[in-house]
Amino acid sequence: MAPIDLTPLKTANVPIFFIVGGPGSGKGTQCDKIVAKYGFTHLSSGDLLRDEVASGSARGKELTAIMEAGALVPLEVVLTLVKEAMLKAVAKGSKGFLIDGYPREVSQGVQFENEIQPAKLVLFFDVAEDTLIKRLLHRAQTSGRADDNIDTIKKRLHTFTTATKPVVDHYEQQGKLVKINAEGSVDDIFAVVTTNLDKATSKI
Ligand SMILES: Nc1ccn([C@@H]2O[C@H](COP(=O)(O)OP(=O)(O)OP(=O)(O)O)[C@@H](O)[C@H]2O)c(=O)n1
Ligand SMILES: Nc1nc2c(ncn2[C@@H]2O[C@H](COP(=O)(O)OP(=O)(O)O)[C@@H](O)[C@H]2O)c(=O)[nH]1
Ligand SMILES: [Mg+2]
């Protein structure tokens, strides 16, 4: 596969925010609110993967099995989808990016930042496991997602603890982590989010 020309994305030099948290921690919910207020482009890596599956492509078929096992899709696959979506958004004048559900492991973050540009901040929505399970089982009633069932939820939580928690430590060491207690109401959490985003964007 030919390498993707990232020049337009690098030249745009718009702020990039990683949004991390366990499955069901409210990443998508908060991203919708951030988009409404700040006009950033929201890219959910999980949604990009689900779109790829829905397209019926050969690449999509391989992904289904991995996602239903609650495991991680190979870094190159996710990063390629993210890059393609970012380039499309930059062509339309994107003001910045919320990269939701990525990085899932330290190497995903390192490679993204090396190849594209460093993230400005990493928002981490911190929610206890029992709350995550309750929320996901509730969402399962309407989400239609093949992975919103108790067996896959348990596997996703395991993947989060083993692969993604080190991501949180990695960015904490770099002083880029904003850890938000996300057990409260959507509006209370959003108030903390806006305080941090206002601070980060005023320095641009
Ligand atoms: N960077 C990513 C993002 C997603 N996935 C795969 O896609 C699945 C669903 O991802 P996502 O929609 O982000 O789900 P959750 O993290 O469970 O978060 P939520 O449902 O809360 O959005 C993951 O379990 C994983 O198999 C992945 O491998 N790598
Ligand atoms: N109680 C409560 N529920 C929330 C909050 N944020 C999201 N939810 C619910 O939790 C579920 C998962 O949220 P979602 O935004 O899809 O989380 P994501 O999986 O991290 O993207 C959904 O059913 C939401 O309605 C919150 O702040 N408080
Ligand atoms: Mg989501």
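Whatever order the structure lists them in is the order used to number ligands and atoms, beginning at 1.
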Top protein contact for atom 14 (O) of ligand 1, by heavy-atom distance: Arg145 NH2, 3.1 Å
Classify the contact between Thr159 and ligand 1 as side chain, backbone, both or neither, using a heavy-atom distance cut-off of under 4.0 Å. neither
Please say whether Gly70 places an N or O atom under 3.5 Å from an N or O atom belonging to ligand 1. no
What atoms in ligand 1 come closer than 4.0 Å to a heavy atom of Gln108? 1 (N)
Any N or O of Ser25 closer than 3.5 Å to N or O of ligand 1: no
Could you tell me whether a side-chain N or O of Ser44 sits under 3.5 Å from a main-chain N or O of Ile99, the two making a donor and an acceptor? no
Residue pair Asp187 / Ser185, side-chain donor-acceptor N/O under 3.5 Å: no
Numbering as shown, the atoms of ligand 2 that approach Gly28 to under 4.0 Å (heavy-atom distance): 15 (O), 18 (P), 21 (O)
Near Ile189 (heavy-atom distance under 4.0 Å), the atoms of ligand 2 are 27 (O)
Centres of the Phe18 and Phe112 rings: under 6.0 Å? yes
Contact (N/O only, under 3.5 Å) between Gly101 and ligand 1: yes
Just distances here: any N/O of Glu183 and N/O of ligand 2 closer than 3.5 Å? no
For Ile150 and Leu137, run side chain to side chain contact (heavy atoms under 4.5 Å, CB included): C-alpha distance rounded to whole Å, both residues' side-chain angles, the deciding distance at 0.1 Å, then the answer. CA-CA 7 Å; Ile150 191 64; Leu137 290 176; 4.3 Å; yes
For Lys27 and ligand 1, does the shortest N/O to N/O distance drop below 3.5 Å? yes
Rounded to the nearest 0.5 Å, the CZ atom of Phe97 sits from the CG atom of Leu43 at a distance of 6.0 Å
Give the residue and atom name of whichever protein heavy atom lies nearest to atom 21 (O) of ligand 1, and the separation in Å to one decimal. Gly24 N, 2.7 Å
What protein heavy atom lies closest to atom 2 (C) of ligand 1? Include the residue and the distance to one decimal. Arg104 CG, 3.5 Å
I'd like to check Leu81 versus Ser45 (side-chain heavy atoms, cut-off strictly below 4.5 Å). Are they in contact? no
I'd like to check atom 25 (O) of ligand 2 in this structure: does the protein have a heavy atom lying under 4.0 Å from it? no
Under 4.0 Å to a heavy atom of Gly184 - the qualifying atoms of ligand 2, by number: 26 (C), 27 (O), 28 (N)
Contact partition for Met67 relative to ligand 1, non-hydrogen atoms under 4.0 Å: both
Please confirm whether the backbone N or O of Leu157 pairs with a side-chain atom of Thr161, one donor and one acceptor, at under 3.5 Å? yes
For atom 17 (O) of ligand 2, the protein heavy atom that lies nearest, with its residue and separation: Gly26 N, 3.1 Å
Near Tyr102 (heavy-atom distance under 4.0 Å), the atoms of ligand 1 are 1 (N)
Atoms in ligand 2 with a heavy atom of Ser185 nearer than 4.0 Å: 27 (O)
Would you compute the distance between atom CD1 of Ile16 and atom CD of Gln117 and round it to the nearest 0.5 angstrom? 4.0 Å
Below 4.0 angstrom from a heavy atom of Val186, which ligand 2 atoms are there? Numbered from 1 as shown, please. 5 (C), 6 (N), 26 (C), 27 (O)
Shortest protein contact, atom 6 (C) of ligand 1 (heavy atom only): Leu49 CD1, 3.7 Å
Which residue supplies the protein heavy atom nearest to atom 3 (C) of ligand 1, what is that atom called, and how far is it? Ser45 OG, 3.2 Å
Can an N or O of Arg139 be found at a distance shorter than 3.5 Å from an N or O of ligand 1? yes
For atom 23 (O) of ligand 2, what's the nearest protein heavy-atom neighbour? Residue, atom name and distance, please. Arg139 CB, 3.6 Å
Can you check whether Gly24's main-chain N or O pairs, donor with acceptor, with Arg135's side chain at less than 3.5 Å? yes
Which residue owns the protein heavy atom closest to atom 10 (O) of ligand 2, what's the atom, and how far is it? Arg135 CD, 3.2 Å
Select one of side chain, backbone, both or neither to describe which atoms of Val78 lie under 4.0 Å from any atom of ligand 1, heavy atoms only. side chain
Within the side chain of Lys176, is there an N or O that forms a donor-acceptor pair under 3.5 Å with the backbone of Ala119? yes
Check: Gln30 and Ile19 side chains under 4.5 Å, non-hydrogen atoms: no
So is Arg156 polar-close to ligand 1, meaning N/O to N/O under 3.5 Å? yes
Does any N or O atom in Lys27 lie less than 3.5 angstrom from one in ligand 2, N or O only? yes
Does any N or O in the side chain of Lys95 come within less than 3.5 Å of the main-chain N or O of Pro15, such that one atom is a donor and the other an acceptor? no
If you measure from CZ on Arg156 to CG on Asn149, what distance do you get to the nearest 0.5 Å? 8.5 Å
Pro23 N/O under 3.5 Å from ligand 1 N/O: no
When you compare ligand 1 with Leu136, is there at least one nitrogen or oxygen pair between them that comes in under 3.5 angstrom? no
Measuring from Leu132:CG to Ile153:CD1, what's the distance to the nearest 0.5 Å? 9.5 Å
I want to confirm something. Looking only at heavy atoms, which of Thr29, Asp47, Ile19 is nearest to atom 13 (O) of ligand 2? Thr29
Heavy atom under 4.0 Å from ligand 1: found in Val73's side chain, backbone, both, or neither? both
Is it the case that over 12 heavy atoms from other parts of the model lie below 6.0 angstrom from the NZ atom of Lys179? no
For atom 26 (O) of ligand 1, the closest protein heavy atom turns out to be Ala71 O, 2.5 Å
Any sub-3.5 Å donor-acceptor pair from Thr164's side-chain atoms to Arg104's backbone N or O? yes
Could you measure the distance from the CG atom of Leu79 to the CD atom of Gln108? Nearest 0.5 Å is fine. 8.0 Å
Measure the shortest side-chain to side-chain distance between Asp198 and Tyr38 over non-hydrogen atoms and say whether it is less than 4.5 angstrom. yes
Scan the side chains in residues 60-71 for donor-acceptor partners under 3.5 Å anywhere in the protein, sequence neighbours excluded, and list what turns up.
{"unit_1": "Lys61", "atom_1": "NZ", "unit_2": "Gly56", "atom_2": "O", "d": "3.2"}
{"unit_1": "Thr64", "atom_1": "OG1", "unit_2": "Gly60", "atom_2": "O", "d": "3.2"}

From atom 12 (C) of ligand 2, work out which of Gly24, Gly46, Ser143 has a heavy atom at the shortest distance. Gly24
For ligand 2 and Gln30, I'd like to know whether there is a polar contact (N/O to N/O, distance under 3.5 Å). no
Test of proximity, Pro23 against ligand 2: N or O pairs below 3.5 Å: no
Interatomic distance, Lys10 atom NZ to Ile116 atom CD1 [nearest 0.5 angstrom]: 8.5 Å
